[in-house]
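Residue numbering restarts at 1 for every chain, and letters A, B, ... go by the order of the sequence lines.
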Number of protein chains: 2
Amino acid sequence: MALIVQKYGGTSVGSIDRIQNVARRVAKWRKAGNDVIVVVSAMSGETNRLIELAHSISAHPDPRELDVVASTGEQVTIGLLSMALMELGTRARSYTGGQIRLLTDSTHTKARILKIDEQRIRADLKGGSIVVVAGFQGVDEHGNITTLGRGGSDTSGVALAAALKADECQIFTDVDGVYTTDPRIVPEARRLHKITFEEMLEMAGLGSKVLQIRAVEFAGKYQVRLRVLSSLTEPDIAIDDEAHSGTLITFEEDAQMEDALVSGIAFNRDEAKVSVMGVPDKPGIAFSILDPIAKANIEVDVIVQNIGSEGTTDFSFTVHRNDLARTMDILDKVRKEIGAREVTGDDKICKLGLVGVGMRSHVGVASKMFQALAGEGINIQMVSTSEIKITVVIDEKYMELAVRTLHKAFGLDEEVQAAASD
Amino acid sequence: MALIVQKYGGTSVGSIDRIQNVARRVAKWRKAGNDVIVVVSAMSGETNRLIELAHSISAHPDPRELDVVASTGEQVTIGLLSMALMELGTRARSYTGGQIRLLTDSTHTKARILKIDEQRIRADLKGGSIVVVAGFQGVDEHGNITTLGRGGSDTSGVALAAALKADECQIFTDVDGVYTTDPRIVPEARRLHKITFEEMLEMAGLGSKVLQIRAVEFAGKYQVRLRVLSSLTEPDIAIDDEAHSGTLITFEEDAQMEDALVSGIAFNRDEAKVSVMGVPDKPGIAFSILDPIAKANIEVDVIVQNIGSEGTTDFSFTVHRNDLARTMDILDKVRKEIGAREVTGDDKICKLGLVGVGMRSHVGVASKMFQALAGEGINIQMVSTSEIKITVVIDEKYMELAVRTLHKAFGLDEEVQAAASD
């Protein structure tokens, strides 16, 4: 039989009823003979409530103490879920991050996992218990409580699966898998049966919110077989069905995947575009512009530098919309120092990306993309490419139209034969 | 300067405002040059909320998991209070019971403290921090989270004071000290400036709810100087005033105390009286009656056996009212086995006790008490005495009258000169 790690998010454990529902689902996997480790988030709304309490005391709460407060949400859930499992006649034991020495660095509120002591968990599994672990939290080498940042429970689940060499890490969520794009924008969007880690990383990075990007990176690094599936279906469907539902994120590319040029379309409108125009075209200029931004802890995403003319060039990049004002302030100083002509900012943009391992070996994906957008009169403001992704920045008012157009142009509306038989 | 442990209960930290109020009070003691350790309870209502969550999943929640859930209440408070202290410009660090290895036995939901690792706290104090510790909780030798039972935060405070050899343990509560009796019954009731541990134990055992009895025992055992005072007064009164307010519970009897025959009157109406009548008067009969009661985990309080006549005797004792029905069931069987005549139960009683180290060296306290009660036509159903306490059981309808009568008869209405000058 298998060792399975299952992770349930805040919505899945958002009420007593739902916790009992999760318990039935977990118990079913256990009764089928599997060893099961369950990782849970705080009940939905609870983490926000705790953080609001902290902010009503301090505009900038001490990060160490914020973690002490915020980590209680998951601790409540592990206790309640363990009780619910025992009510079903299964054995269960809960652990906080500190209790299993889920060791992280000391970067409070966004710590990184370093190591997990799996001895205690192995002993419990051997004794027939379901092990219930608090997601999102760990402990640093000095015993201080840390948290992994929003969505960190996904990472906890994957890290446990890696440490215990689990056969599969199942991320239960309120969607039933990874889609070709957001079904709210394109009703024809299809669930992907499989996706590679590289594709999933690009999808996540582009705003697909199914899985936390760090969890995907972690799974890729430790070759953890990862599956996204829905916690909202009935817990008493057959395990065989469940074991083949959702979206499997694999580290192996198989023949089927090569068939599709493009696996999905991700997009977001959280970003703003900044351009520094008429920059003297000489070595070191990109550094002069980006270094002060990096020092202000502003994350920069797409970066584009055009070929210059008449000794000057234009340099553009995107930042999170919340950082636009600060970025403009910094660049105002930089502009004078480097003698650039002008700085402009625009937060009415959206970023949109085609993702697919198939495009690696196929030319013409970019031109087909540009042609489809041009056909709808959509102007492309920035382009950036990688081996398996083409990203464009366009006016945000065209976002839905662009996604629908590309979804159709790349045949994502149609069920792929190979995937359907999966 | 001094090392002070301060404990604040749930009402004192029941809202953001009150937490900020506690922070001001604590910071004031720190700024006056003292080392301060603060022990806090969960915000009022929070522990009940958590226990109700557990009970909505299971009628009998697993005790280990109940402790996991219930202990989060204090964890939230320590984080919030530490933030509030930092907002005031003082250094602060919070610790859960597990983080300072507040070691207990493994009796979940009512664990007993075995040891505290004080090294980490000492280092923080040396570094100028206020140390904020979660009350009510500890950890067993296997790292399982335990809780100390209701009111356990008092015990946490005293245990910390003992481990760190603090100069004083201050229990802040919503009353400003220990009174001669409940002021809601006797408006003339006075605050005691000092009381001995023995007296306090008798007061607590008789239903005075100011301090948890285990905390008092602990303080007595480790000779911790204990003071009960109000957290509701303004935090900016002078420390000198505060240091002499409330009630000091001492392990030294001084001359002043000997002046007063009686220090206070405690009472409760939580108990019921059970009598086994016409018991054959032979050795081992008390054991035959009480052993099955003890085996059913029913606590027995006052026990009285009268001198028998005609070869039989009457045996009476009190139990908690909630246990009366079970007790009667058990005694029904016992009655047949031992050949007793009749078993009666009465839950319309109250227990009332005069407490005072002074009565040790004075005859006549009991007779003065009986005379005062007889003067009001109050019949005494049971009497039980110890060195510093006389307990009577009377009809509950006379409770208020009896307390007022005795309060006056023993001069407790008058301010004692010695105490007033304290």
- Please walk me through it: do A:Ile145 and B:Gln99 pass side-chain contact (heavy atoms from CB on, under 4.5 Å)? CA-CA 9 Å; A:Ile145 295 167; B:Gln99 286 179 316; 3.5 Å; yes

- Query: Hey, mind stepping through A:Ser82 and B:Arg64 against side-chain contact (heavy atoms from CB on, under 4.5 Å) and telling me if it holds?
  - Reply: CA-CA 10 Å; A:Ser82 299; B:Arg64 179 187 186 274; over 6 Å; no

- Task: Apply side-chain contact (heavy atoms from CB on, under 4.5 Å) to the pair B:Val69 and A:Met83, showing each step before the final yes or no.
- Result: CA-CA 10 Å; B:Val69 172; A:Met83 291 172 199; 4.0 Å; yes

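If you take CD1 on B:Ile16 and CG on A:Leu53, they are separated by 5.0 Å, rounding to the nearest 0.5 Å.
The shortest non-hydrogen separation linking B:Val68 to A:Ser94 is CG2-OG, 3.5 Å. The minimum heavy-atom distance between A:Arg49 and B:Glu46, with the atom names listed, is NH2-OE2, 3.8 Å.
Looking at B:Ile78, the atoms closer than 4.5 Å to chain A (heavy atoms on both sides) sit in the backbone and in the side chain alike. For B:Thr77, no part lies near chain A; criterion is any non-hydrogen pair under 4.5 Å. Only the side chain of A:Ile19 has a heavy atom closer than 4.5 Å to any heavy atom of chain B. Heavy atoms of B:Ala92 lying under 4.5 Å from chain A belong exclusively to its backbone. With a 4.5 angstrom heavy-atom cutoff, B:Asp17 does not touch chain A via any of its atoms. Using a 4.5 Å cut-off between heavy atoms, B:Gln75 touches chain A through backbone and side chain atoms alike. Contacts of B:Ile57 with chain A are made by both backbone and side-chain atoms, with heavy-atom separations under 4.5 Å.
When A:Gly73, A:Ala59, A:Gly143 are compared by the number of non-hydrogen pairs under 4.5 Å with chain B, A:Gly143 comes out ahead.
The side-chain heavy atoms of A:Pro61 and B:Met86, taken from C-beta on, include no pair separated by under 4.5 Å. In this structure, A:Asn144 and B:Arg93 have side chains that are in contact, with non-hydrogen atoms separated by less than 4.5 Å.
Atom NZ of B:Lys115 sits in a sparse spot, with 12 or fewer heavy atoms from other residues, nucleotides or ligands closer than 6.0 Å. More than 12 heavy atoms of other shown residues, nucleotides or ligands fall within 6.0 angstrom of atom NE2 in B:His55. Counting heavy-atom neighbours within 6.0 Å of B:Arg122 CZ, excluding the residue itself, gives a total above 12.
Salt-bridge annotation for B:Glu65 and A:Arg91: absent, with no side-chain N of the basic residue lying under 4.0 Å from a carboxylate O of the acidic one.
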